[in-house]
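So you know, we letter chains A, B, ... as the sequences are listed, proteins then strands, and number each from 1.
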Amino acid sequence: MKVSKIKKTLLALTAAGVLGGAASNAVATTPEDDLQNFREYFYKKFPGVPLNEYGNGVYGIDQASRQTWEAIEEFPPYEIDLEKGEELFNTPFANGKTYASCFKNGGIGIRQNFPFYSKEHKQVKTLEQVINECRTRNGEKALGWKKGDIAAISAYMAYTSRGKAIHIKTPTTADEISWYERGRKHFYAKRGQLNMSCANCHQDNAGNYIRADILSPALGHVSHFPVYRAKWGSMGTMHRRYGGCNKQVRALPFPAQSDEYKALEYFHSYMSNGIEVNGPGSRK
Amino acid sequence: MRRFSRIVSTTSIIAVAITGLGLASATVSAAGTSKSDIEKGQEIAFSRKKGNCLACHKIKGGKLPGNIAPPLVAMQQRFPDKAKLRAQIFDSTVASPNSIMPPFGRHKIISGKEIDLVTEFIYQL
């Protein structure tokens, strides 16, 4: 009797899981619907956690880990990079121009608008991409994409934008939608030898333990990048993290700043609209 | 990456060959299952590079288990048919397509022989 009860519960859970998966993969939704559903999913999962708290990742949903993290944040491990980033940002190129010349508002307090769809270049552009375009346009060599100087500059630019709500314009044109859909598909598609999607861990199982670690909710992920990770012992960009995630499920990572990751960042960021930028962050 | 997976599969073939040799000399209990099968299954199940079952399941004898998936208890009641348990380990997406559980057999994460051993271990929990 007990057995059949367990079985029934398991079956019900399985069915719910399948339906949930199917619903989130359904095509007939608009980006606005997706955003609404995405938020509501997490609101239901973590009752009482306000939207902005999701910018703190695991620490927004787990009090015990939050205390350790708050202690770390008193002497943030990203401080040295932040200072370096500010210095780099303000150092003129050989031609006398600075990064400020390539951005609206001189590059201060604008992180929340990235990535964005560029009508002129018919593609999604990330903050790191525009930083490097700024360099090459001014006769400087492009920086490596995943860590080092680019992460430091990006960290400084995020820092000047702290407190500004992420504001990715809703994709409406056919090309914007197609970039968005590519990102959304990447998020929900199973991949790698371990056959896991981003959503399997960071949506379906957010808040659960994977061995001794708590899985972070995807809502709010982008707010604190670039990030200093204890595991890396250094700063890294969003695309460095994407590559790591893909490798962990034993999939071949895409190159940093590939269209695939740019599309993913576009979707991922749109889903976090309204959450305040709080980068750079520190994580395990 | 590809070369890495080739090394991995070669290693597992060797591991299986060694395991196979070990089996021949193992004592068989009344139930028809040798103790060493269960122990070998446990080793594979607990190994981070092989089954890594503890990432998601609580299992007797394992430390710091995850809670993504149900604890592995009362397995014979939940899976009276051992073949069904094996099938679930081989590819859980057959029963539920969005399952987060890696399809250990379909994606050749561990060998068929290793799945047999893990099944023996899990079945008696």
Side-chain angles (χ1 to χ4, degrees), chain A residues 1-26 45 62 187-216 243 245-255, chain B residues 1-9 12 45-59 62-81 84-85 88-110:
Chain A
M1 187 195 76
K2 231 179 189 174
V3 178
S4 70
K5 206 173 187 188
I6 292 177
K7 238 185 194 170
K8 247 179 233 166
T9 319
L10 285 178
L11 278 176
L13 285 175
T14 313
V18 171
L19 293 175
S24 50
N25 279 317
K45 196 165 205 148
D62 185 70
F187 186 80
Y188 288 104
K190 285 179 161 290
R191 67 186 66 248
Q193 192 186 31
L194 299 188
N195 202 46
M196 290 177 191
S197 65
C198 305
N200 276 156
C201 285
H202 298 290
Q203 184 166 347
D204 308 345
N205 282 290
N208 283 343
Y209 280 87
I210 182 156
R211 206 75 201 244
D213 291 319
I214 301 172
L215 289 164
S216 58
C245 270
N246 280 169
K247 276 187 234 166
Q248 275 177 313
V249 301
R250 300 185 192 169
L252 271 179
F254 290 86
Chain B
M1 199 71 182
R2 197 170 282 171
R3 188 180 290 168
F4 174 72
S5 69
R6 208 177 292 150
I7 293 168
V8 169
S9 66
S12 56
F46 284 7
S47 154
R48 282 176 190 269
K49 296 237 157 104
K50 296 268 185 178
N52 201 17
C53 308
L54 289 164
C56 301
H57 298 276
K58 186 174 180 177
I59 305 169
K63 282 179 193 155
L64 295 171
N67 63 356
I68 288 170
L72 299 183
V73 289
M75 295 314 289
Q76 284 172 41
Q77 275 113 40
R78 285 163 64 189
F79 289 89
D81 181 0
K84 280 198 179 145
L85 174 62
Q88 187 67 9
I89 299 168
F90 189 90
D91 184 4
S92 73
T93 66
V94 171
S96 85
N98 194 40
S99 167
I100 191 175
M101 182 160 156
F104 287 93
R106 178 162 63 88
H107 277 195
K108 299 183 165 60
I109 298 165
I110 55 177

**Q.** Proximity breakdown for B/Ser99 and chain A, heavy-atom pairs closer than 4.5 Å
**A.** backbone
**Q.** Contact summary for A/Gln203 and A/Tyr188, nearest pair of heavy atoms
**A.** OE1-OH, 2.8 Å
Q) What heavy-atom pair brings B/Pro102 and A/Met196 nearest, and what distance separates the two atoms? A) CG-CE, 3.9 Å
Q: Check whether A/Asp213 gets within reach of chain B through its side chain, its backbone, both or neither, counting any heavy atom under 4.5 Å.
A: neither
Q: Against chain B, label A/Ile214 side chain, backbone, both or neither, depending on which of its atoms sit under 4.5 Å from a heavy atom there.
A: neither
Q: Hey, could you give me the NZ/CD1 distance between B/Lys50 and B/Ile110, rounded to the nearest 0.5 Å?
A: 7.5 Å
Q: Kindly compute the distance separating CG (A/Leu252) from CG (A/Asn246), expressed to the nearest 0.5 Å.
A: 9.0 Å
